Amino acid sequence: MLAIIGGTGLTQLANLDVVRREVVRTPYGDPSGAITFGTMRGESVAFLARHGYGHTIPPHKVNYRANMWALSQYPVKYVVAVASVGGIRADLTPGTLAIPDQIIDYTHGREFTYFNGTDRSVVHVDFTHPYCEALRQRLLQAAKQAAEPLLEGGTYAASQGPRLETAAEINRFERDGADMVGMTGMPEAGLARELGLCYAAIAVVVNHAAGRGDSAAGIKLADINTVSRGALTRVHKILDYLVTLDGR
Ligand code: HPA
C-alpha cells in the first residue's frame, strides 16, 4: 500500500475516497493524528497529515518516530512525503515541484532514531542515497503521464524552524550544496530508512528562500498560501497517476 504524508496546506487528500480513520498508539507516543485509509482510483491509500489535521504541530514538535512507526504497522511499502520548501537554486522558483535526491540535515534536538536502546547491538543504516530510487522514478513517471513538470534531483536542506532562515544561513546552505530548504525532511527520511520503508518526497517550492529572488527584502508569508494552493492541485494530479502505476 502507498502512504502519503501531507505537509503544510495538505491536511486532506481531495481525491481520496475515505473508508476509515484509525488512531494508532505507538511505543514512541502519539502520531500527528489518525491515519486515514481510503481509495484513490480504486487503489488503497493511507494518509497522514504531518502537522495534524488542524495544522497545529510545528515542524520541531512533530512526532516523526510515532508517525513513521504507525504507518509501518500496516502493509505500507511506499511513503510519499509532500513537503513545502523555499527555493535556493535559481530555477527553483515558487510553484516548482521537485523530487530531491539528497539531504543535508541541519536539525537538532529532534528524536531521530529507533536505535537508541542499550539492550541490543548498535545498528547503522546505509543512507548514502536517502530517498528510495524506485519510488522517485515512479513519481517522475507519474508526473510525465500527468503532463506536470517535475524537476529531477536536488539537495534538500532540513532546517530546524519554525522561524525561517536568515539570508546568511541560506548562503551557507548553498555553499554546502543545498538547492532547497524545508523543515520536515529530517528525521522523517532517516526513520523511514530505519524501518525499511521506501520513502521519497515531492518538494513544493512555495517561496524563494531568504535573501533570494523576490525574498531579497524578506519572505512574503501572505503569498505562500496562494502559491501552495496552485501547486498542490498539480501534486494531487501526479498522485492520482502514481497510485495506478503498475507494480506499486
Ligand atoms: N525555509 C524553510 N522551510 C520552508 C521554506 C523556507 O523558506 N518555505 C517553505 N518551507
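In this chain, residues are counted from 1 in sequence order. Because the structure is predicted, anything quoted here is derived from the model rather than measured. First listed ligand is number 1; within each ligand, the first listed atom is number 1.
- Annotation: cation-pi geometry satisfied between R41 and Y241 (NZ/CZ under 6.0 angstrom from ring centroid, within 45° of ring axis).
- The side chain to side chain donor-acceptor pair (under 3.5 Å) contacts involving residues 142-163 comprise R110-Q160, R136-E152, E148-K237, S159-E165, R163-E169, where partners must be two or more places apart or lie in separate chains.
- Under the 3.5 Å distance criterion, the side-chain polar atoms of R65 are left unmatched by any main-chain donor or acceptor of Y114.
- Remark: minimum distance from atom 5 (C) of ligand 1 to any protein heavy atom is reached at G86 N, 3.4 Å.
- Between S159 and ligand 1, no pair of N/O atoms sits closer than 3.5 Å.
- For N207, a nitrogen or oxygen atom sits less than 3.5 Å from a nitrogen or oxygen atom of ligand 1, counting backbone and side chain alike.
- Nearest non-hydrogen protein atom to atom 6 (C) of ligand 1 is L164 CD2, 3.3 Å.
- For atom 10 (N) of ligand 1, the closest heavy atom belonging to the protein is S84 O, 3.4 Å.
- Here T8 has no heavy atoms under 4.0 Å from ligand 1, in either its backbone or its side chain.
- Side-chain atoms of I4 and L13, non-hydrogen and from C-beta on, do get closer than 4.5 Å to each other.
- In summary, the atoms of ligand 1 found under 4.0 Å from a heavy atom of V206, numbered by their order in the structure, are 8 (N), 9 (C).
- Shortest contact from atom 1 (N) of ligand 1 to any protein heavy atom: E165 OE1, 2.7 Å.
- Scanning all protein heavy atoms for the shortest distance to atom 4 (C) of ligand 1 gives V181 O, 3.6 Å.
- At least one side-chain heavy atom of Y199 sits less than 4.5 Å from a side-chain heavy atom of E188.
- If you check the side chains of Q141 and Q137, you find no donor sitting under 3.5 Å from an acceptor.
- Contacts classified as salt bridge (charged side-chain N to carboxylate O under 4.0 Å, His left out) and involving residues 210-222 (residues at least two apart or in different chains) are given here: E174-R212.
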